[in-house]
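Just so it is clear, the values below take in all heavy atoms, side chains as well, and ignore hydrogens, waters and symmetry mates.
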Amino acid sequence: MLADYGDVVPRRELEMLEASCKNLETELEVVKNDRTALMGEHNVLQALYKQVVNERDKLSQEMNQLKRSATPRPQWDRCAQYIDGGQDKWNELSNGKSSDQVVDVLLAEIAGVSIDELIKSDVFDGKGVGPEVPRYLKATGQVRNRRIGRGEANRLINGFWQYRTDSTDVLPLDECLFSYLVSINNGDETMAIEEGYNLEDACTRLDYEPLIHLFHQIISDEVDEKVFRYWMQIQATLTAALEQESQKGLVTTTVLGQVLQAILPSKPSDHIKVLLGVASSQGDLSHLLKPVSKAAGIENH
């Protein structure tokens with residue numbers, strides 16, 4: 001018989017083809033691994049992109065709200081002509097001060113209080129340690145005046161109400177306030193007393209602020225603490241009702257009016273209309289839906 005070698009491949013060529021095939025398989029595996037790694041990085045980048053877009057949208061919304069609610073910085077130099085001493089005196093009084101502090105200067109002028117004394121007073125005289133002095137003000141000698149502003153005063157007031165709510169000890173208000181001030185000053189009673197004097201001073205200067213005024217009346221025993229508790233209960237009820245309504249769709253002024261009427265049945269309709277007018281002037285009402293803590297955050301609601 002004669003052998004048919006028509007379909008036979010030379011061994012050398014076979015070995016070369018096998019080696020080439022293995023190389024190609026190895027390269028394919030490397031490409032697959034690279035693709036898997038790239039897909040993982042791609043997914044991570046997509047997630048980051050979504051986060052950036054969400055953050056951009058939130059910042060854009062906040063910017064639009066600020067555009068509607070923000071006011072231009074006052075031209076304080078216009079006040080110079082109404083201050084004794086003119087521009088030079090005004091520059092001395094207002095230089096380096098925040099807008100809130102400049103307002104204090106103007107209020108002092110309107111009230112006929114000595115501006116020099118108001119601005120340059122660096123200390124408080126201690127009220128003594130008698131039984132008539134509240135615990136958070138019991139001090140002799142002098143106490144440093146830091147002239148805290150509205151933001152710091154609100155922070156202390158909010159923190160106190162939260163501390164008062166969380167506390168298991170039933171203490172008189174002045175004792176509870178002193179305990180709170182000690183707790184935020186790492187147990188330093190001297191710093192707590194200083195904080196107490198500055199908070200008392202801020203409440204006196206910023207008495208035109210409704211929430212600060214209410215706190216000052218309560219801590220001074222002029223108003224019962226139940227007033228604040230009742231106000232917080234109404235606020236929490238209103239927020240919960242608005243959140244429930246928002247799940248059904250956009251909260252319109254009509255819906256808001258119905259919610260207010262249900263929560264405040266004793267309020268006459270003209271008072272409800274005033275509240276609706278204030279709410280409408282705010283534009284976006286989403287801030288009304290922010291969660292209400294047990295006591296803190298009161299200046300935002």
Side-chain angles (χ1 to χ4, degrees), residues 62 65-66 69-70 98-101 103-104 124 134-137 143-243 263 275 278-279 282 284-301:
E62 291 178 4
Q65 290 178 356
L66 287 174
S69 59
S98 66
S99 294
D100 196 43
Q101 292 172 327
V103 170
D104 289 341
F124 301 109
R135 181 65 186 89
Y136 61 94
L137 296 178
V143 180
R144 183 173 59 133
N145 181 1
R146 295 191 286 109
R147 288 193 57 80
I148 63 176
R150 179 175 52 188
E152 178 69 7
N154 275 323
R155 184 187 67 79
L156 290 172
I157 291 172
N158 293 340
F160 166 71
W161 285 125
Q162 187 69 62
Y163 181 86
R164 178 74 167 173
T165 302
D166 295 340
S167 178
T168 56
D169 298 328
V170 182
L171 297 173
L173 276 173
D174 65 323
E175 290 283 353
C176 187
L177 179 56
F178 176 71
S179 177
Y180 163 67
L181 295 175
V182 170
S183 70
I184 65 174
N185 284 283
N186 299 318
D188 190 331
E189 294 190 1
T190 301
M191 287 300 298
I193 294 294
E194 179 180 306
E195 203 93 70
Y197 270 85
N198 279 276
L199 179 58
E200 179 79 9
D201 174 65
C203 288
T204 302
R205 289 186 288 107
L206 305 171
D207 193 58
Y208 53 86
E209 289 285 338
L211 295 176
I212 295 178
H213 176 71
L214 175 61
F215 168 78
H216 199 205
Q217 286 185 310
I218 292 174
I219 205 68
S220 302
D221 287 332
E222 297 176 13
V223 173
D224 196 290
E225 185 180 355
K226 293 179 181 178
V227 173
F228 175 78
R229 301 293 179 189
Y230 175 69
W231 179 79
M232 285 301 299
Q233 181 181 359
I234 290 178
Q235 181 180 335
T237 303
L238 175 61
T239 301
L242 289 177
E243 286 178 342
I263 295 175
L275 292 174
V278 173
Q282 299 297 314
D284 184 7
L285 302 182
S286 60
H287 63 285
L288 294 175
L289 303 180
K290 292 180 179 178
V292 180
S293 67
K294 288 180 285 185
I298 61 177
E299 79 273 17
N300 293 326
H301 298 272

Q. Hey, is the main chain of Q233 close enough, under 3.5 Å, to the side chain of T237 for a donor-acceptor pair?
A.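 Yes, because the side chain of T237 sits within donor-acceptor range (under 3.5 Å) of the backbone of Q233.
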**Q.** Side chain N198, main chain R144, donor-acceptor under 3.5 Å
**A.**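 Checking the backbone N and O of R144 against the side chain of N198, a donor-acceptor pair under 3.5 Å is found.
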Please name the pair of heavy atoms, one in [X] and one in [Y], separated by the smallest distance, quoted to 0.1 Å.
X    : Y    : answer
E225 : L173 : OE1-CD2, 3.8 Å
R135 : D174 : N-OD2, 3.0 Å
L199 : A153 : CD1-O, 4.2 Å
V227 : V223 : CG2-CG1, 3.5 Å

**Q.** From CA spacing to verdict: side chain to side chain contact (heavy atoms under 4.5 Å, CB included), I184, M191
**A.** CA-CA 9 Å; I184 65 174; M191 287 300 298; over 6 Å; no
Q. How are the rings of Y163 and Y180 set relative to one another: parallel (under 30°), tilted (30 to 60°) or perpendicular (over 60°)?
A.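 Aromatic pair Y163/Y180 classed tilted.
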**Q.** side chain to side chain contact (heavy atoms under 4.5 Å, CB included) between F160 and L156, intermediate numbers included
**A.** CA-CA 6 Å; F160 166 71; L156 290 172; over 6 Å; no
Q. Given the rule in the side chain to side chain contact (heavy atoms under 4.5 Å, CB included) test, do L137 and F124 qualify, once you have shown the distances and angles that lead to the verdict?
A. CA-CA 11 Å; L137 296 178; F124 301 109; over 6 Å; no
Q | Worked check of side chain to side chain contact (heavy atoms under 4.5 Å, CB included) between E152 and R147 | A | CA-CA 10 Å; E152 178 69 7; R147 288 193 57 80; over 6 Å; no
Q: Only pairs at least two apart or in different chains count here, so list each side-chain hydrogen bond (donor to acceptor under 3.5 Å, both in side chains) that has a residue in residues 209-218.
A: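 The answer is R150-E209, E200-H216, D207-H213, H213-Q217.
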To the nearest 0.5 Å, how far apart are [atom1] in [X] and [atom2] in [Y]?
X    : Y    : atom1 : atom2 : value
Q65  : E62  : CD    : CD    : 7.0 Å
L177 : Y136 : CG    : OH    : 6.0 Å
L214 : E222 : CG    : CD    : 11.0 Å
C203 : L211 : SG    : CG    : 11.0 Å
D188 : T190 : CG    : OG1   : 5.0 Å

Q.
Quick one about S179 and R164 (side-chain donor to acceptor, distance below 3.5 Å, no hydrogens or angles considered), yes or no?
A.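 No - no donor-acceptor pair under 3.5 Å links their side chains.
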Q) Do the side chains of I234 and R229 get nearer than 4.5 Å, heavy atoms only? A)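 Side-chain contact under 4.5 Å: no.
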